[in-house]
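Below is one structure; the comments refer to it alone.
When reading the values below, keep in mind they use all heavy atoms of this one structure, side chains included, and skip hydrogens, waters and symmetry mates. Throughout, protein chains are lettered first and strands after them, A, B, ... in sequence-line order, and every chain is numbered starting at 1. Computed from a prediction, not measured in an experiment: that's the story for all the values here.
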Protein chains: 2
Amino acid sequence: MTTTLSTRDRLIIHAAQLFQQRGYHGVGLTEILETAGVPKGSLYHHFPNGKADLAVAAADWASVDLLRIVDDAFGEAVDFRHGATTLCFKLAKLFDLSGHWLGCPISSTLFEGPANDLFRTEAARIFDVWIEAVKAHGVRLGLPPAKAATSSEALWIGLQGAWTLSRARRDSSPLRHVPDFVFGSDPQ
Amino acid sequence: MTTTLSTRDRLIIHAAQLFQQRGYHGVGLTEILETAGVPKGSLYHHFPNGKADLAVAAADWASVDLLRIVDDAFGEAVDFRHGATTLCFKLAKLFDLSGHWLGCPISSTLFEGPANDLFRTEAARIFDVWIEAVKAHGVRLGLPPAKAATSSEALWIGLQGAWTLSRARRDSSPLRHVPDFVFGSDPQ
DNA sequence: GCATGACTAGACCAATCGGTCTAGTCTCGT
DNA sequence: ACGAGACTAGACCGATTGGTCTAGTCATGC
């Protein structure tokens, strides 16, 4: 599969993976270029602004990837809570398979990058797309729009936080318990 | 105040601030040394392992700082929910005052650092200290230990996630709404 | 069959990276 | 008074950083 990918796509995919693992500043162009098997000239042909452009493209790619996981999780769900739970478990599974280290691809890639507004705005946009996607599933599954909006935002906040804790502990259970405290597992 | 600080403390404090703003790899030693007004020799005298040692010390310092905020918030609280709410609002206030950009000092400093186990373990330890501190306040305020433990962890997960979202949006309201979805603002 | 633009290839660059090392200063105990 | 160790000071180092630039390859239209 990798062999048929265009130079541009190989660059984006490998960059996305490396940025997710070690952050924007934690990965050098040389390493990205080497793992992608692409010479430096090609990078600056496809991304005239270099590393920053590549990071945004990588974040976008990762975002689309994650949206597919969201749709998979909610596609087979009978109600919102089941969809959300499936999503958390899917992400936990990915986390386990990745060796208990991968965090949110967006915060890794765009937050530790240059603190310019372009990166920050792009991160905000992607988070909103994710929240909107889950909200749409909520509405489709019968939730009132306002309720769907707050639940979706709460779910993503929980996922972000749990992702961090799971990473620190190298243990996916915080991710798996996100539905419990977003929806409540026991009476308050 | 700054003038009376020891070289070591000046290094730690300035490093903590810079790491929190731009992450471990995002800040060079030169910049830390310049803002702290400390020559390179002193750094390697106080921290023989250089940047990595300094980052751990900075994270520890930031952790103690945050623990003080936790104790302040819960010290005056009549019940757990009020303490937690005060904590979230205090952090939101700090976030606002910082220009809507500061994130969690630990994830900034230790997560984008060298992906070695020392950093990761230290991050996990500090998170656990925070969770334990809030749990203790919960127990003191009458919660059953098990309930205090899960609530505390949920609170910190919510704070972590909300911190991220607040940063992306440059808006502290996610931080202020953490209590709502940790304790529930409306019936499920 | 040849000109053209898209793309690849990598040598090369100044700047910066984290880190080492030696020299010098300051403050003690004696 | 002086020796010792803690600490400061910054020159210096090789490696690596992101980025530029020129040369070359390749497919396509004419």
For residues 129-139 of chain A, run the donor-acceptor check on the side chains, cut-off 3.5 Å, and write out each pair with its distance to 0.1 Å, sequence neighbours left out.
residue  : atom : partner  : partner atom : Å
A/Trp130 : NE1  : A/Ser63  : OG           : 3.2
A/His137 : ND1  : A/Arg140 : NH2          : 3.0
A/His137 : NE2  : A/Asp71  : OD1          : 2.8

Sugar-phosphate or base contact per nucleotide [nucleotides 8-20 of chain D; S, B, -; heavy atom under 4.0 Å]: BBBB-----SBBB
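- A salt bridge does not link B/Glu31 to B/Lys51: none of the charged nitrogens lies less than 4.0 Å from a carboxylate oxygen.
- Taking the charged nitrogens against the carboxylate oxygens, B/Arg170 and B/Asp96 have no contact shorter than 4.0 Å, which rules out a salt bridge.
- Checked for salt-bridge contact, A/Arg125 and A/Asp60 meet the test: a charged N lies under 4.0 Å from a carboxylate O.
- Between the CZ atom of B/Arg22 and the P atom of C/dT16 there is a distance of 13 Å, given to the nearest Å.
- In this structure, B/Arg167 is not positioned above the aromatic face of B/Phe95 in the sense of NZ or CZ being under 6.0 Å from the six-membered ring centre and within 45° of the axis.
- In this entry the distance linking CD of B/Glu34 with P of C/dG18 reads 12 Å, nearest Å.
- Between the CG atom of B/Leu33 and the P atom of C/dT16 there is a distance of 15 Å, rounded to whole Å.
- Remark: P of C/dT16 and CD1 of B/Ile32 are 16 Å apart, rounded to the nearest angstrom.
- A salt bridge links B/Glu153 with A/Arg169: at least one charged nitrogen is closer than 4.0 Å to a carboxylate oxygen.
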